[in-house]
Amino acid sequence: MTTDTTGTAARDGEPRRGGPADSPFVRACRREPGPHTPVWFMRQAGRSLPEYREIRANVPMLESCRRPELVTEITLQPVRRHGVDAAILFSDIVVPVAAAGIDLDIVPGTGPVVAEPVRTAADVERINPIGRDDVSYVDEAVRLLVAELGDTPLIGFAGAPFTLASYLVEGGPSRTHAKTKALMYGDPELWHALCARLAEVTLAFLRVQVDAGVSAVQLFDSWAGALSEADYRRYVLPHSAHVLAGLADAGLPRIHFGVGTAELLGAMGEAGADVVGVDWRTPLDVATRRIGPDKAVQGNLDPAVLLAPWEVVESQVRRILDQGRAAPGHVFNLGHGVLPETDPEVLTRVVALVHELSARPAA
């Protein structure tokens, strides 16, 4: 018997289900029944784990993303410790932008800082196309991980064009996105040229991960919630849709997530993902009505709840599982990333609780 990276095994020429493609996570993404509600956590690879802090000591963030063996170890740590239903590639959303020739660094305590922010058409031209050779370390890390993970699916990821554009225009993180919006409103032609260039970089980055064997991808539009629905539809949706459409032929689940996107959920669902991530502000049953019946949902425990007493955590997990039943598929997750001060034991207990409460009898 042989098993390929999509998890379809063959015996005497007869295919059967198995491996990552038949995992609870992928089944939920495809709105298919499974043995339990799958669970993984955004930013599970790192942040709260002491073993992560130890292995990352004295290694800058961008450098750590470029070491395949280190990426592999960090990605595997939460799978070993928590028993989550999926791994997510350890990387950063600015990795492909740096590969495209933008001079930037990830400054501890601040985040990505761009040496020369994008202001002009000439600045946009500095963003080069990328291919596998430009991010060969990602290709190698994914292949190593697929071999190590076995039946556990690996999620690839990238930042969406709007969020990447915001970093490039602002020069770093921003609470108001004032420079971003000023460019967006003041020079729509330049704005769309920038986002179109970033969409191609993002698509190429995700394609490398898909070709190397990931089982799903997630497109993070972390800052899209700063926009109105009308502005999202005009300035953002076409570019995110281009990325997601460019992966349609891969046949893998595509997840789309943003923060503060309650009013954008319907539009985000139209962008072309199979699963829409929901932050903690919108109940999953409400989100499902906004997104529509043909999408699975992911979320949406408030990360801060994990700092509360266990009885509070348990109550909130039960609530989210109950609300998630309104969706045709539900992947349990946080409404944003794991906070660094989170006790890892609590995450492990949440995984076990979700599995216990959502267990379904075998067909």
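Heavy-atom basis, side chains included; hydrogens, waters and symmetry copies ignored.
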message = Quick one about R319 and Q323 (side-chain donor to acceptor, distance below 3.5 Å, no hydrogens or angles considered), yes or no?
response = yes
inquiry  = Around atom CZ of R234, are there more than 12 heavy atoms from other residues, nucleotides or ligands closer than 6.0 Å?
reply    = no
query = Do other residues, nucleotides or ligands put more than 12 heavy atoms under 6.0 Å from E341 CD?
reply = yes
ask   = Hey, any chance F332 and V286 share a hydrophobic cluster, counting ILVMFWY side chains that come within less than 4.5 Å of each other, even indirectly?
value = no
ask   = Distance only, no hydrogens: is a donor on one side chain within 3.5 Å (strictly under) of an acceptor on the other, for S166 and T180?
value = yes
key: Heavy-atom pair of closest approach, residues P20 and P153   = CB-CA, 4.0 Å
query = Side-chain contact, heavy-atom cut-off 4.5 Å: T342 with L307?
reply = yes
note = Scanning both residues in full, the closest heavy-atom pair of T75 with A87 reads CG2-CB, 3.9 Å
ask   = Are side-chain heavy atoms of T37 and R360 found at a separation under 4.5 Å?
value = yes
query = If we only count heavy atoms from C-beta on, is the M184 to V169 side-chain gap below 4.5 Å?
reply = no
message = Assigning hydrophobic clusters by single linkage (Ile, Leu, Val, Met, Phe, Trp, Tyr; side-chain heavy-atom cutoff under 4.5 Å), is L149 placed with L144?
response = no
inquiry  = To the closest 0.5 Å, what do you measure between NE2 (H330) and CG (D285)?
reply    = 11.0 Å
key: Under-4.0 Å salt bridge between R349 and E345   = no
Smallest separation among heavy atoms of P117 and G171, with atom names = CG-CA, 3.8 Å
key: Side-chain ion pair, R143 and D139, N-O less than 4.0 Å   = yes
message = Could you measure the distance from the CE atom of M268 to the CG atom of L244? Nearest 0.5 Å is fine.
response = 9.0 Å
query = Is atom CD of E311 surrounded by more than 12 heavy atoms (other residues, nucleotides or ligands) closer than 6.0 Å?
reply = yes
Parallel, tilted or perpendicular, as decided by the 30° and 60° cut-offs, for the rings of F25 and W40 = perpendicular
request  = Grab the two heavy atoms, one from T261 and one from G225, that are nearest each other, plus how far apart they are.
outcome  = CG2-N, 4.0 Å
request  = Check whether the ring centres of F220 and F157 lie less than 6.0 Å apart, and answer yes or no.
outcome  = yes
query = For the hydrophobic clusters of this structure (ILVMFWY residues joined by side-chain heavy atoms under 4.5 Å, transitively), does one cluster hold both V94 and Y137?
reply = yes
query = Going only through I, L, V, M, F, W and Y residues with side-chain contacts under 4.5 Å, is there a path from W280 to L339?
reply = no
ask   = So, do N300 and D279 sit near enough that their side-chain heavy atoms are less than 4.5 Å apart?
value = no
key: Donor-acceptor pair, side chain of Q44 and main chain of A86, under 3.5 angstrom   = yes
Spatial distance of atom CD1 (I106) from atom CG (D92) [nearest 0.5 Å] = 3.5 Å
task = Quick one: do R80 and E73 satisfy salt bridge (Lys or Arg N to Asp or Glu O under 4.0 Å)? Show the steps, please.
result = CA-CA 10 Å; R80 296 193 199 107; E73 172 58 24; 2.9 Å; yes
Pairwise distance CZ(F257) to CG(N333) - rounded to 0.5 angstrom = 8.0 Å
inquiry  = When you measure from the side chain of R27 to the backbone of P33, do you find a donor-acceptor pair of N or O atoms at a distance under 3.5 Å?
reply    = yes
note = One should read off an interatomic distance between R119 CZ and L183 CG, to the nearest 0.5 angstrom, of 8.5 Å
task = Describe, in one word, how the ring planes of W223 and H177 are oriented to each other, choosing from parallel (under 30°), tilted (30 to 60°) and perpendicular (over 60°).
result = tilted
pair L194-L190: side-chain heavy atoms closer than 4.5 Å = no
ask   = Do the side chains of V305 and V317 join up, straight or via other hydrophobic residues, at under 4.5 Å, putting them in one cluster?
value = yes
task = Check L264 against E229 and note the closest heavy-atom contact, atom names and distance.
result = CD2-CA, 3.4 Å
ask   = Just checking, is any N or O donor in the side chain of T120 or D123 under 3.5 Å from an acceptor N or O on the other one?
value = yes
inquiry  = Quick one, L219 and T202 - any side-chain contact, counting heavy atoms below 4.5 Å?
reply    = yes
request  = Determine yes or no for a side-chain-to-main-chain donor-acceptor pair under 3.5 angstrom, with R53 supplying the side chain and R47 the backbone.
outcome  = yes
ask   = Does L49 reach the side chain of P78, with side-chain heavy atoms less than 4.5 Å apart?
value = yes
message = So, taking the atom named CG in L357 and the one named CD1 in I320, what distance separates them when rounded to the nearest 0.5 Å?
response = 12.0 Å
ask   = Which heavy atom in A204 sits nearest to a heavy atom in I130, and how many Å separate them?
value = CB-O, 3.5 Å
request  = Find out whether L89 and V214 are in side-chain contact, i.e. whether some heavy atom of one side chain is under 4.5 Å from a heavy atom of the other.
outcome  = no
